[in-house]
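Just below is one structure, and these are the notes that go with it.
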Amino acid sequence: KVFTPFYKSLEYIWASSKLEEKTVAKNLKKIEFDYDSVPILEELGFKKQDLPTFLNKSADELVEEFASKISNYQEDRDFFYKSATSNLAVHLRFGLISPRTLFNKIKKIDALSSQKDFYIRELFWREFYNYILYHFPKSEFENLNQIDVNWSQSEESLQKWCEGNTGVPLIDAAMRYFNETGTMHNRLRMIVSSYLTKNLLIDWKKGEEYFASKLLDYEASSNIGSWQWAASTGADAVPYFRIFNPYLQSAKFDKEAIFIKSVIPELKDVNAKLIHSENGVQSNIFLDYPKQLVSIEYSRKRAIEEFKRANNEKS
């Protein structure tokens with residue numbers, strides 16, 4: 001249930017220079033089929049949507065692009081206004097590239113081994129969450145650590161979080177971008193899930209369900225595992241007393257508010273320091289910006305008290 005020993009036990013895999021890849025059957029043949037009898041996407045209820053430009057590229061093209069920036073991957077990947085990630089999550093999800101093939105391609109890149117290994121470690125997180133869901137299938141619906149949290153039942157707060165109208169610029173920008181694109185940077189996922197489960201004290205299952213309805217790279221194991229991690233209820237989860245402060249996070253990883261301003265145009269002329277200050281944007285009388293749903297400090301203390309109670313009652 002803990003990632004590091006899981007990862008270390010598989011050293012014989014990640015220390016390898018190359019893995020054996022699956023081969024494609026050579027005797028595949030196309031069969032004749034009456035495709036006119038298959039319903040078209042519109043008839044199935046699908047709506048046309050503009051997808052992120054990286055989805056117009058093959059996995060090989062994305063690996064080639066990533067090769068030029070992997071040397072700074074460990075340092076740059078948390079800055080969500082930078083394009084430092086591989087953008088391969090959707091391709092992995094739909095089998096357009098296998099983890100083994102990606103592993104081999106990353107190993108062949110001419111770059112520092114420490115940077116390549118850091119990226120490959122992320123691939124093992126996917127395997128870890130697959131492992132957890134397989135061995136603990138009830139974790140799809142229950143807290144893995146079996147604590148009983150008194151979650152808030154506020155549908156209004158949940159809806160405002162979904163819409164990106166919480167009054168916290170970073171949370172709002174992340175959720176609005178997510179609603180528009182179906183993608184979200186990993187650090188932003190951690191921040192918005194921490195805000196929902198800790199500051200708003202709303203059940204992680206509601207956040208997981210919403211992400212499942214929007215994520216282009218949705219995988220049950222990774223989504224459930226990550227949400228349980230953020231909510232301090234799952235495998236190798238973040239300690240319940242460690243709660244992301246969204247204002248400190250935006251100041252650290254988006255100092256000039258580049259990402260936030262690109263998503264929320266009404267903030268484009270607002271000083272970045274105000275954006276990184278609690279109620280700073282609301283202090284501008286010329287802006288009609290949503291009020292904060294809850295005080296960061298108050299909600300942090302409330303969450304710690306509730307999770308402490310839940311953990312004490314379990315023990």
(message) Please say yes or no: joined through hydrophobic side-chain contacts below 4.5 Å, possibly via intermediate residues, are L112 and F103 part of one cluster?
(response) no
(message) Rounded at 0.5 Å granularity, tell me how far CD in E209 sits from CH2 in W227.
(response) 11.5 Å
(request) Determine, for E64 against K57, whether the closest basic-nitrogen to carboxylate-oxygen distance falls under 4.0 angstrom. (result) no
(request) Step through the shown structure and confirm whether more than 12 heavy atoms of other residues, nucleotides or ligands are within 6.0 Å of NZ on K314. (result) yes
(request) Return the minimal non-hydrogen interatomic distance between A230 and S194, and the atom names on each side. (result) CB-N, 4.4 Å
(message) Do F128 and Y12 land in one hydrophobic cluster if side-chain heavy atoms of ILVMFWY residues count as linked below 4.5 Å?
(response) yes
(request) For atom CD of E266, decide whether the heavy atoms of other residues, nucleotides or ligands shown that lie under 6.0 angstrom number more than 12. (result) yes
(message) Please determine whether residues L51 and F178 belong to a single hydrophobic cluster, defined as Ile, Leu, Val, Met, Phe, Trp and Tyr linked transitively by side-chain heavy-atom distances below 4.5 Å.
(response) yes
(message) Hydrophobic clustering (ILVMFWY, side-chain heavy atoms < 4.5 Å, transitive) - are L10 and I120 grouped together?
(response) yes
(request) Mind listing the closest non-hydrogen atom pair of E208 and I224 along with its distance? (result) OE2-CG1, 3.6 Å
(request) Looking only at non-hydrogen atoms, find the nearest pair between K205 and F141 and report the distance. (result) CD-O, 3.3 Å
(request) Might you work through the side chain to side chain donor-acceptor pair (under 3.5 Å) test for S277 and Y247, ending with a clear yes or no? (result) CA-CA 6 Å; S277 303; Y247 293 101; over 6 Å; no
(request) Quick one: do Q159 and E163 satisfy side chain to side chain donor-acceptor pair (under 3.5 Å)? Show the steps, please. (result) CA-CA 6 Å; Q159 186 62 28; E163 296 169 349; 3.0 Å; yes
(request) Determine, for F211 and R189, whether the Lys NZ or Arg CZ falls below 6.0 Å from the six-membered ring centre while staying within 45 degrees of the axis. (result) no
(request) Could you work out the complete set of other residues in the hydrophobic cluster of I285, with links drawn between I, L, V, M, F, W and Y side chains under 4.5 Å apart? (result) F286
(message) Enumerate the side-chain hydrogen bond (donor to acceptor under 3.5 Å, both in side chains) contacts for residues 135-144, please, sequence neighbours excluded, ordered by first and then second residue.
(response) N143-W204
(request) Indicate the atoms forming the closest heavy-atom contact of I275 with V281, along with that distance. (result) CA-CG2, 3.9 Å
(message) I want to check a possible cation-pi pair here: K198 against F307, using under 6.0 Å from ring centre and within 45° of the ring axis as the test.
(response) yes
(request) Mind checking the OH-CG spacing from Y210 to L215? Nearest 0.5 Å is all I need. (result) 10.5 Å
(request) Evaluate the criterion salt bridge (charged side-chain N to carboxylate O under 4.0 Å, His left out) for residue pair K206 and E155; output intermediate values, then yes/no. (result) CA-CA 10 Å; K206 294 184 178 180; E155 288 298 323; 3.3 Å; yes
(message) Would K82 and F79 count as a cation-pi pair here, with the cationic atom under 6.0 angstrom from the ring centre and within 45° of the axis?
(response) yes
(message) Between K252 and D78 (salt bridge meaning N to carboxylate O under 4.0 Å), is one present in this structure?
(response) no
(request) Flag yes if L170 and I258 sit in one hydrophobic cluster, no otherwise; membership is Ile, Leu, Val, Met, Phe, Trp, Tyr, and two members link when side-chain heavy atoms are under 4.5 Å apart. (result) yes
(message) If only side-chain N and O atoms count, and only distance matters, is there a donor-acceptor pair under 3.5 Å linking Q292 with E278?
(response) yes
(request) Please determine if D117 and K107 form a salt bridge, counting it only when a charged side-chain N lies under 4.0 Å from a carboxylate O. (result) yes
(request) Check whether the ring centres of W125 and F3 lie less than 6.0 Å apart, and answer yes or no. (result) yes
(message) According to side-chain hydrogen bond (donor to acceptor under 3.5 Å, both in side chains), who are the partners of N199, at least two apart in sequence or on a separate chain?
(response) S299
(message) Please determine whether side chain to side chain donor-acceptor pair (under 3.5 Å) holds for the pair N145 and T233, giving the CA-CA distance in whole Å, both sets of side-chain angles, and the decisive distance to 0.1 Å.
(response) CA-CA 5 Å; N145 63 8; T233 61; 5.2 Å; no
(message) Please report the interatomic distance CD1(I97) to CZ(F94), rounded to the nearest 0.5 Å.
(response) 15.5 Å
(message) Check for me whether the distance between the ring centres of Y131 and F6 falls short of 6.0 Å.
(response) yes
(request) Might you point out which heavy atoms bring I304 and Y240 nearest each other, and give the distance in Å? (result) O-CE1, 3.6 Å
(message) With a 4.0 Å cut-off on N to O distance, would you call E306 and R309 a salt bridge?
(response) yes
(message) Could you check whether atom CD of Q146 has more than 12 heavy atoms from other residues, nucleotides or ligands sitting under 6.0 Å from it?
(response) no
(message) Please give me the minimum heavy-atom distance between L267 and P169, naming the atom from each residue.
(response) CD1-CB, 4.1 Å
(request) Output every pair passing side-chain hydrogen bond (donor to acceptor under 3.5 Å, both in side chains) with a member in residues 89-99, not counting sequence neighbours, ordered by first then second residue. (result) S98-T101
(message) List the residues meeting ring-ring contact (aromatic ring centres under 6.0 Å, His included) with Y177, not counting sequence neighbours, and say none if there are none.
(response) F259
(message) Taking transitive links into account, so neighbours of neighbours count too, which hydrophobic residues share a cluster with Y134 at under 4.5 Å side-chain distance?
(response) none
